[in-house]
Engineer: 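Before anything else, here's the structure in question.
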Protein chains: 2
Amino acid sequence: MDIRQIRYFVAVAEERNIGRAAKRLFISQPPLTRQIQQLEDELQVKLFERTAKGVELTSAGQLFLNESRNILSLIEQAQERTQRAGKGQLGRLDVAIFGSGILNTIPDILKRFKTAYPGVNIVLHQMSKAEQIEALRQKRISVGFNRLLAPLPDIDSTMILQDKLMVAVRDDHPLATKPLINLKELENEPIVVFPKGARPNFVDLVSRVFQEAGVTMNISQTVIDAVTGIALVSGGFGFCLIPSSASVLQLPGVKYIPLGGLPDNATVDLSCIYLKDDHSPLLSAFLAVVHEYKSQLNNQA
Amino acid sequence: MDIRQIRYFVAVAEERNIGRAAKRLFISQPPLTRQIQQLEDELQVKLFERTAKGVELTSAGQLFLNESRNILSLIEQAQERTQRAGKGQLGRLDVAIFGSGILNTIPDILKRFKTAYPGVNIVLHQMSKAEQIEALRQKRISVGFNRLLAPLPDIDSTMILQDKLMVAVRDDHPLATKPLINLKELENEPIVVFPKGARPNFVDLVSRVFQEAGVTMNISQTVIDAVTGIALVSGGFGFCLIPSSASVLQLPGVKYIPLGGLPDNATVDLSCIYLKDDHSPLLSAFLAVVHEYKSQLNNQA
DNA sequence: CCTGCTTGATACCTTTAAGGTATTGCCAAT
DNA sequence: ATTGGCAATACCTTAAAGGTATCAAGCAGG
């Protein structure tokens, strides 16, 4: 049995006349007659009663007509859905985000992607950097968002933005009134750092900045992420250096003040990472959205 | 797109290796490679990622695999169901019965057919003789049960049984004690006859019998069917001649007594009728059941 | 680092089967 | 009895599926 035969059968059933159906199918009458005969032979069922005016469906033929229509529509659907999946318009995309990374950039990107590709189901996973890399290699996720990535041979990354550093201060502290804080002013002050876990990390950037400025750093506490760090500032544990994008977070008694007098490379990147040899259309579509977001960000600045 | 290609695709997806799949399909590897390429070209979607160890499905391919399995199983089902319909094991059979014909013979036959062909949906219609013939010609029904048929050019019939005549009597009537009633004893007695409507009919048989025996008949009432006639006997309206198979009907105060001293042709047939050129497997199956029933009936007698 | 093995891809030929033209046979309406 | 419309048949042409031989690429073992 053949899809062509099914199509032919439906045409004949609808026209109730082989010659007319042949015209509709842009073939001549004899081959159509033969195809119908073949179909009947194969099924061992008479599908049509031949009359003087044409043909008419037997009861078995009537049943087969319904089934045939179902088959054809299922095939059509399958083609369309597969094509959409091939263009990345349909499917499931597993995305990893890091602890406090759910601030504004990532939700924005996800929102854009969701509106551009409404057929794609986005599944979020909270993962640390190391977990993301393992999950990428095992294909449990397709993209991860992260910061400060060491280059890896099998993993590519796209930088989305670079955050400058800011200082989280309690608003009753004397420095809280200044428009800009110099690193020197934080010498020996208690500093909360984050995150715990795999290096290189935001901690390393902060230490490097202190070191290069020749300022001694007094780490009062190491916590898991920016949110916890800022919470500790609010609790009076000292200062906390954060990437500027984390400053959207509002906590009672906490002010964010830009850090001045730093070298240009004193920034943290936000990047998304993915397997180098993942050529899935879903990933490409997602990266396209990321790039579009990035270029809009640059045009604003 | 082609069912063959879908089958090939599923095999390759399952084996994750074109060569192995080719072996499974009893073809050589190159044509299989080409068919997969063609399928990908047509869908404009890459279905497989070619690796060193074989091939692996892309996400679009994964989706298409699911759809393909659905399509194949639907096709299989369609073939099987159509074949069953072709053998008369599946479908719908519209059957007409006459007013009081729902006694024991017809339910028996229908019950047998139902157990032999459980996939067939029997739809009953109450129809007079004339209605049955019109409905047969319009193909609204496939079989009708009836009595005393005049032969028609386009309609065939099968006689199921021949009923002798019986008399329905009130049990307080003097004749009710006799084991056999002679027609002479009914002379001038009030007789209820049925049915109303198209001739030739059961009435005609009854009148003929009286006439041939030289007995004058006194029709007290003409009613629609046997059930009504017997009800009138119960109400004291007189006697009623009925086909013996109607004697299964029990009404208060009514006895059935055989009619004696009649010629052999004083019988009513129960027949089923159908279009001469209806060769549907459903009808053949039904008629086969009818014949089987008939021959069992004859063996008993 | 090279060699051999496995895998899919290509080139070219053979065979199967689908499509076309011409014609026949059948039934029905005139 | 005749004609018109329909499906079926016979015979040929063409397209496409399958086969054999061979190639190119990637990985494993020496």
Engineer: Rounded to whole angstroms, how far apart are CZ on B/Arg16 and C1' on C/dT6?
Structural biologist: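 After rounding, the reported distance stands at 16 Å.
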
Engineer: CG of A/Leu39 versus P of C/dA18: gap in Å, rounded?
Structural biologist: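 From A/Leu39 CG to C/dA18 P: 12 Å.
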
Engineer: From NZ of A/Lys23 over to P of C/dG19, roughly how many Å is that when rounded to an integer?
Structural biologist: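 Taking NZ of A/Lys23 and P of C/dG19, I get 18 Å after rounding.
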
Engineer: Just the rounded figure in Å: distance from P of C/dG19 to CD1 of A/Ile36.
Structural biologist: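 In whole Å, C/dG19 P and A/Ile36 CD1 are 11 Å from each other.
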
Engineer: Whole angstrom is fine here: how far is it from CD in A/Gln37 over to C1' in C/dA17?
Structural biologist: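 Computing the A/Gln37:CD to C/dA17:C1' distance gives 15 Å.
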
Engineer: Does A/Lys276 pair with A/Asp154 as a salt bridge, N-O distance under 4.0 Å?
Structural biologist: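 Salt bridge absent between A/Lys276 and A/Asp154.
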
Engineer: Looking across every strand, which nucleic acid part, if any, lies under 4.0 Å from A/Gln38 by heavy atom: base, sugar-phosphate, or nothing?
Structural biologist: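 Sugar-phosphate: the residue A/Gln38, judged by heavy atoms under 4.0 Å, touches backbone atoms but no base.
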
Engineer: Determine the interplanar angle of the A/Phe286 and A/Phe113 rings, folded into 0 to 90°, and report it as parallel if under 30°, tilted if 30 to 60°, perpendicular if over 60°.
Structural biologist: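 Aromatic pair A/Phe286/A/Phe113 classed perpendicular.
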
Engineer: Using a strict threshold of under 4.0 Å (side-chain N to carboxylate O), is an ion pair present between B/Arg140 and B/Glu131?
Structural biologist: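 Salt bridge: no.
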
Engineer: Name the residue closer to the 5' end of DNA chain C, choosing between B/Arg20 and B/Arg34 according to the nucleotide with the nearest heavy atom.
Structural biologist: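 Its nucleotide being nearer the 5' end, the pick is B/Arg20.
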
Engineer: With a 4.0 Å cut-off on N to O distance, would you call A/Glu40 and A/Arg50 a salt bridge?
Structural biologist: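 Answer for the salt bridge query: yes.
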
Engineer: So what does A/Gln29 touch, heavy atoms closer than 4.0 Å: a base, only the sugar-phosphate, or nothing?
Structural biologist: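 Touches a base.
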
Engineer: For B/Arg4, which contact category applies under a 4.0 Å heavy-atom criterion: base, sugar-phosphate, or nothing?
Structural biologist: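 Sugar-phosphate contact only - B/Arg4 comes under 4.0 Å of backbone atoms but never of a base.
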
Engineer: Are any of B/Thr33's side-chain N or O atoms less than 4.0 Å away from OP1 or OP2 of C/dA9?
Structural biologist: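 Checking B/Thr33 against C/dA9: at least one side-chain N or O falls below 4.0 Å of OP1 or OP2.
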
Engineer: Earliest and latest nucleotide of DNA chain D, 5' to 3', sitting under 4.0 Å from a non-hydrogen atom of chain B?
Structural biologist: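 On DNA chain D, the outermost contacted nucleotides are D/dA17 to D/dC27.
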
Engineer: Provide, to the nearest angstrom, the distance between the NZ atom belonging to A/Lys53 and the C1' atom belonging to C/dC26.
Structural biologist: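 Distance, rounded to whole Å: 14 Å.
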
Engineer: Within a reach of under 6.0 Å around CD of B/Glu42, are more than 12 heavy atoms found that belong to other residues, nucleotides or ligands?
Structural biologist: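 Yes.
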
Engineer: Could you state the atom-to-atom distance from CG of B/Asn17 to C1' of C/dT7 in whole Å?
Structural biologist: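 That distance rounds to 7 Å.
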
Engineer: Counting the atoms with a prime plus P, OP1 and OP2 as sugar-phosphate, which does B/Tyr8 contact under 4.0 Å by heavy atoms, base, sugar-phosphate, or nothing?
Structural biologist: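 Answer is sugar-phosphate: B/Tyr8 comes under 4.0 Å of backbone atoms only.
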
Engineer: Would you indicate which nucleotide in C/dA28, C/dA18, C/dG8 comes nearest to any side-chain atom of B/Ile18?
Structural biologist: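 Out of C/dA28, C/dA18, C/dG8, the nucleotide with an atom closest to B/Ile18's side chain is C/dG8.
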
Engineer: Using the ring centroid of each side chain, check whether B/Phe98 and B/Phe145 are separated by less than 6.0 Å.
Structural biologist: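 No, too far apart.
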
Engineer: Using the side-chain contact (heavy atoms from CB on, under 4.5 Å) definition, which of the options B/Val55, B/Thr58, B/Ile18 pairs with B/Phe48?
Structural biologist: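 Result: among B/Val55, B/Thr58, B/Ile18, B/Val55 is the only option passing the side-chain contact (heavy atoms from CB on, under 4.5 Å) with B/Phe48.
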
